[in-house]
Every structure is written in C-alpha cells, then in structure tokens.
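Counting from 1, the numbers follow the sequence of the chain as shown. When a ligand or atom number is given, it counts from 1 through the structure's own listing order.
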Amino acid sequence: MKNILILIFFVLSCQNPAVENKSYGIDHESRMSWWREARFGLFIHWGLYAIPAGEWNGKTTHGEWIRTTAEIPIDVYDRFIGQFNPVKFDADKWVQMAKHAGMRYIVITSKHHDGFSLFDSKHSDFDVMSTPFKRDIMDELATACRKYGLKMCWYYSIMDWHHPDYLPRRNWESRSEDGADYDRYVAYMKNQLKELIDNYGDIGVLWFDGEWEGTWDHDYGKDLYDYVRTLQPDIIVNNRVDIGRSGMGGMTSSGGYVGDFGTPEQEIPATGIPGVDWETCMTMNTHWGYNKNDDNWKSSKDLIQKLADISSKGGNFLLNVGPTSEGLFPQESVERLGQIGDWMKVNGESIYGTSASPFKSLSWGRCTQKVASGGSRLFLHVFSWPESGRLVLPGIYNKVDRAFLLADKRKDLEAFNDKDNIVITVPKTQPDPFNTVIAVDLIGKPDVNDPPVIDERQKIFIDKMSVSITTERENVNIHYTLDGTNPSSKSPSTSGGVSITETSLVTAQNFRDGSPVSGTIQELFTKVDPDQGVEIAQAKRGLRYQYFEGSWDRLPDFERLEESGSGITPSIDISKRSQDNHFGFVFEGFILIQEKGVYTFYTDSDDGSQLFIGDNLVVDNDGLHSMTEVSGSVALAAGYHPMRVTYFEKNGGNQLNVYFESVKIQKRLIPDNLLFHKKYGPPLGWLDN
Ligand code: H79
C-alpha cells in the first residue's frame, strides 16, 4: 500500500527558548511586554540617498537602494557626504509627530545598506560627523524620544556596500575583493553596535536587515544576538539578525533560529499565529527612502484600517516615513500622521495592549480584544457601516454588559442576544468614515462558536493512535463520532482525545445543555502498513552525493545532467561545492530506521529541496525561496530504507537542513550514524533495484 503523504507547511515560533538565558535578565514575556502593548511604531529611512531623492540619470524610481539600483560607483556616491546638510531637521518635531500619531516607538536607519552611519561613530569616517551637518542625529532623536516617552530603536543593516571588508561585492562593481576580511567586518559591526547601545540610553529594539547574502550565517546571527543582549539584556531583536526569515512573509521558520519577532515586509499576514510575535513594516507610498516623484500614497483611511487589521491579528505596525534631505517629513506623510493621530486619540484603546480577534473573520470589519474586570471587552472596528442600523456580531454566546461607541462613551447602544448572534443597534449614519469602533463589554471570556480542535499534525498510524480533541471553551462538552456522521448529544464525549485502531473519520462538535454550540470539525486518520525496508549486503556509513552546477528556478531532473563532482559524505552537507550560487546536490543511500513507526521528515532549505523515501516524495519543498521548512510523514518498518534528498541553490543564501521526528524521537537533524550507502553496485545503486 502506498504511503499517504502529508505535507505540512510550518511557520513556527520565532521565539526560541534555547536563546533564553538567565544571564540576560528578565524573561522573554516581560521583555516583550512594552512592545506588545505599543502595537504601533514609526519607521524612518533617512540617509545620503535622500539627496538624489530617487532620481539618477533621468530615472526616477530609485529609493534607499539607489547606490545599487543606479549602479553608482563608490567614489561618486561618497560625494553625497559633502552635501548632507539637513538644516531643517528638528528632532523634537519628528518625535512630536510620531507621538501625536499614537506611535509608541521609533525605529530609524542608524546605518542602511549604503553603509552610511547617521550617528557619531568612532569606527567610521563615513558617518554624519563627516558631513557639513556634523550633528549626531541619533543623539538628538534619542533625547527627544526620552522627553516625549517614546522608545528609541535602531535599524542596522548587516549588508554594507561601503565597508571594504564586507562581502560579497555588488556584481556590477569593479572594486576588488582582494584583502577583504569578512570577520573583520563583523568585528566592525559589533563595534558600531556597541556605540549604538552604550551611547544613547535604553534602546527598545535592534532591527537588523540585509541578512540574506550567503556570507551571513546562523552562527554569526546567534553570536550577534547574544552579543547585543549581553550589552543590554532587555533589548528586543528582530528575526533578521539570523537567517531563519521566510521570504517577504517574514516569519521565522523553525530550526533553532534566534530573533524575538517576525518581520513581514510590505504585507499583512492572512492570519496571525498564536504565540508568535510579529510586526508588519510598510511604506506610506512605495519607497522607504525619500523619492520626490512617488505620488502613490496610501490614504489615511487605508492606513488606519491596516493598523486595525494588523492589531486584529495580534501584530504590530511599523509605518515608514522617508524624510527629505532638508530634514523634513514629506507633507503627505505629515497629513497622514495627523489624521491617524486624530483617529488614535479617540480610538487608541482599541489598539494598545489588545490581542487578536476571537473571530476567524467578520464581513464588516475587524475585532480586537482586551481582558476587562469581570469579563472582556471587544472592540469592533466597523469598516462597512450597516445600512439597517443593526450591526450583527455572529457566532458568540456571551451576554453583553454594555456596548458603546468609543467616540461617544456616555451613550449606551442597545445590544441583545439572538441565538448565537449579538445584535447592536447603531446610528444610521457612520460616525467615523475611516473606522468606527464600538466597544462591547462581555460577561466572561469571549465564547465564540468555535468547534473543538483536532490535532492533525500526524494523520497516519500503524497499529493505534491517540487523537487529541480539545477545546478552550468553558462549560461545553465535546461529542464525537469515528464514522464521519455528525455527532449528537448521545455520541460519546471526551475532554482530551480518543484512541483509534482503525482508519477513522473523526468528527467532533461542542455541545452545551444538550444542544450544539459550534459547527463540526472533521479529520481523517488512516491506518497504513509501514514500508518494509530493503536488504543491503554491505552497508557502509555515509551517503553518496552528486554535485551539479547550473542555474535553475526549480529542481532540475538531475539524472539527465552531468555531474561536476561526486563522492561519499558522512552527512547531508552542501559544503563540497566550488561556488556559492548556481549549484545543486543529490544525496542518495539509505536511512536506518531502528523502530517501526510513523516518521515525519522536514527539509529547511534555501532554495528548493525534496526528500524521497523509496519512491515516495515525502517532502516537497521545491522552488525559489529563502529558508523555508516543509514536512511530510511516512510509516516505516525497522530496517534500511532508500532515501534521496535533492537540493538546488540559485542566488543569495544557501543552506539545507534535514530533520526527522517520531513519537519516540524529538525533532532533530538526521544523525550521521543512520545514513548508509551500498559499498558495491552501480553508482546510485538503489534506484536500479
Ligand atoms: O530597508 C527597507 C528596504 O531597503 C529593505 N528592507 C526594508 C525594511 C529591503 N531590502 N531588500 N528588500 C527590502 C527587498 C529584498 C528582497 C530580497 Fe529576499 C532579498 C529578495 C531576495 C533577497 C529576503 C530574502 C526576501 C526574500 C528572500
């Protein structure tokens, strides 16, 4: 019987308990608490690139990347340093604008990819003190932030197009790499970060970026994370300090990466992830650095609704301004910050310190929530106003203590329960065209009509399996069936799970007082025969590998390609390559399974990879991407099983990690002592079996 294949895309926690260390001071939860409360921050992209303001040789779409996108030679770009003189810069005014907008922290580019330091650095002449302006902008901002009660935070780019020791060079540059020493560059970064951490008082967040070039790796990331937290134990560090970020989606893939929060860039995740901290960063127009021609501004309404959307998913919003070379926020940004601030003044409590919505989706808007004395307060963010004058909150059983508009707290709105709806009578015309917030005080925790949760991470079993069925709701009974029929109050009930010995279509539902108070949930668990292993006469440790060179966007058919190298490797390891881009590997041999069971395999790779056991494609993680983890499960008897792992890398970072786990084995890299190849036989022996 063919194995059933399960592919689970995992976006696991970006919090890594392994990095929690007593010597750092307060625990993770306390350390994150101001940041979770804050919800809303200002990003500032400012540097030499504000001078060309997006334009070079007639092309007007550049931004903070202009040095690279316009391929400006280093000595030409260096000349901007003589022109940087933002005489209208006023730290107090900037911080006041952020504060009025309701922002609680400011993250500014202390150094962007161009390598220019906006602060007084003893370790670089390519800094603000070498400009005609000669004022430590970071110091002025940090002082103003302290004055107005905002947290000062630094963006710092790992990628550096200016420092002679940074590698790689841009491929269009003529600068030689001779004498460059990447470790010396890393030491320089640490020196600069020590200045940024020691010289400006308490720093809220270190926001790294530019980590994706192959030169930066996990060991550097872990070391840097430890280093900055040793200097200021309570500092919060984003996930771009390490290489676990999954593309622009920005969340951290599992596998022991450091970093305290995920960083979706220019996008809002479809849903939040319980227990995972994240922050969407976004521009108001389409550039981070100042671009004088970019008129593509998001409206204030859009930005306010995005803030509500992000809060309703449990994330933070880091909204960008790109100041001009004179030191001013663009007028469009000033207007938007003002309008957001006016809205926040009335509705801020629906954002600060709230947690994600208890509802999966709401047709008319979003919801945030807070624990309140004796119950909970929901904040209904109404984007589309009901013409009927009645707002329906569907699928909730709580009694309402009180409902009111945040804009008019003295007047109660009528609210009543109608079966599993709460119906609120609202004014006929929409009070706030951007987003009207209605507070609803509930008795008790939100009791939303969610069905029970069936743990479906593993959906196949060999002899028997215990299926976990749980609910977080209070005063409900879970009833279930195993044959796909809908449960009734007479069906067996459970408070934790059920043990099955045959293929079962598990269906579960929450009941209260004999009546259903949720929809049903259904999962299929399939009994399978384990794959039998194969006999191999002369098993030798290690896998056979083939190395290929070429440029692909997906895994090629390696069997049709000519290899550039081959041999035996003790582990799944891509170091035996002669270049860092445009290559691929095939690893083939056997994995020794010591005990019959269901095994889950994971590949975590940049770029694509696949894992086969026998003929089964167990993990399909193909395609161009940064570090991304995909898993699949297969039932295996004890013995040797043919295994094949394929991998390719186009550009950027390159890495391949292959893990496995079972009921008995915690997720871990496949250990070398379980990997074998045949001593004799054709080169890639088992394929011909
Ligand atoms: O500072 C702003 C931008 O200049 C910077 N990040 C924001 C906050 C930025 N740099 N590059 N980009 C944004 C876009 C780069 C995307 C890619 Fe990749 C880098 C594509 C491939 C490598 C990271 C890794 C995203 C996908 C894979």
Side-chain angles (χ1 to χ4, degrees), residues 11 14 41-50 52 54 61-70 106-116 118 153-162 166 168 170-171 205-218 221 237-253 257 259 261-269 278-291 294 316-323 553 580-582 604-608 621 623-629 649-655:
V11 188
C14 39
L42 176 67
F43 215 171
I44 301 178
H45 275 71
W46 203 32
L48 298 180
Y49 41 79
T61 54
H62 302 288
E64 73 291 348
W65 273 66
I66 193 166
R67 161 97 212 283
T68 279
T69 50
I106 298 180
V107 184
I108 184 163
T109 50
S110 66
K111 186 196 84 170
H112 203 265
H113 308 333
D114 66 358
F116 173 69
L118 214 46
C153 311
W154 306 133
Y155 169 106
Y156 189 91
S157 174
I158 292 167
M159 179 161 74
D160 189 318
W161 303 326
H162 193 270
Y166 181 80
R170 304 306 92 198
N171 56 16
V205 176
L206 276 179
W207 213 104
F208 289 100
D209 199 7
E211 83 292 5
W212 58 81
E213 301 206 285
T215 37
W216 191 249
D217 65 19
H218 169 67
V237 186
N238 73 339
N239 65 343
R240 301 188 187 185
V241 69
D242 200 343
I243 57 168
R245 165 165 70 127
S246 282
M248 302 307 277
M251 303 311 283
T252 310
S253 47
Y257 300 106
F261 64 93
T263 50
E265 177 166 331
Q266 301 285 39
E267 58 179 77
I268 300 173
W278 54 273
E279 172 193 72
T280 283
C281 58
M282 199 177 275
T283 50
M284 284 196 199
N285 51 6
T286 59
H287 290 83
W288 298 97
Y290 179 61
N291 178 305
D294 184 349
N316 279 19
F317 192 23
L318 187 62
L319 180 60
N320 184 71
V321 168
D553 291 343
D580 285 339
N581 290 316
H582 304 134
D604 185 18
S605 66
D606 171 357
D607 290 292
N621 191 3
L624 279 181
H625 49 70
S626 54
M627 287 308 280
T628 300
E629 186 172 279
E649 160 60 17
K650 191 172 185 187
N651 290 316
N654 54 57
Q655 202 176 328

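Contact between H62 and T69 at its shortest, heavy atoms only, is ND1-OG1, 2.8 Å.
Note that CE of M284 is 12.0 Å distant from CE of M282, once rounded to the nearest 0.5 Å. To the nearest 0.5 angstrom, E211 atom CD is 14.0 Å from H218 atom NE2.
Between the side chain of H287 and the main chain of T61, a donor-acceptor pair closer than 3.5 Å is present.
What sits closest to atom 16 (C) of ligand 1 on the protein, heavy atoms only, is M248 SD, 3.8 Å. Protein heavy atom in closest approach to atom 3 (C) of ligand 1: E64 OE2, 3.4 Å. The shortest contact between atom 7 (C) of ligand 1 and any protein heavy atom is with E265 OE2, 3.2 Å. For atom 5 (C) of ligand 1, the closest non-hydrogen atom of the protein is D209 OD2, 3.2 Å. In this structure, the protein non-hydrogen atom closest to atom 2 (C) of ligand 1 is H45 NE2, 3.3 Å.
Atoms of ligand 1 found under 4.0 Å from any heavy atom of H113 (numbered from 1 in listed order, with element): 4 (O), 5 (C), 10 (N). Close approach of ligand 1 to Y155 (heavy-atom distance below 4.0 Å) involves ligand atoms 1 (O). Atom numbering of ligand 1 starts at 1 in the shown order; those under 4.0 Å from a heavy atom of R245 are 23 (C).
Classification of the W65-W161 ring pair by plane angle, with boundaries at 30° and 60°, yields perpendicular. Using bins of under 30°, 30° to 60° and over 60° for the plane-to-plane angle, the ring pair Y156/F208 lands in the perpendicular bin.
Look at D607 and K650 and you find no salt bridge, because none of the NZ, NE, NH1 or NH2 atoms lies under 4.0 Å from a carboxylate O.
Ligand 1 has at least one atom lying under 4.0 Å from a heavy atom of G247.
Side-chain contact between V107 and L318 is present, with heavy atoms from C-beta onward closer than 4.5 Å.
Closest to atom 19 (C) of ligand 1 by heavy atom, among W212, W65, W207, W288, is W212.
Here H625 has no heavy atoms under 4.0 Å from ligand 1, in either its backbone or its side chain.
For atom 27 (C) of ligand 1, the nearest protein heavy atom lies under 4.0 Å away.
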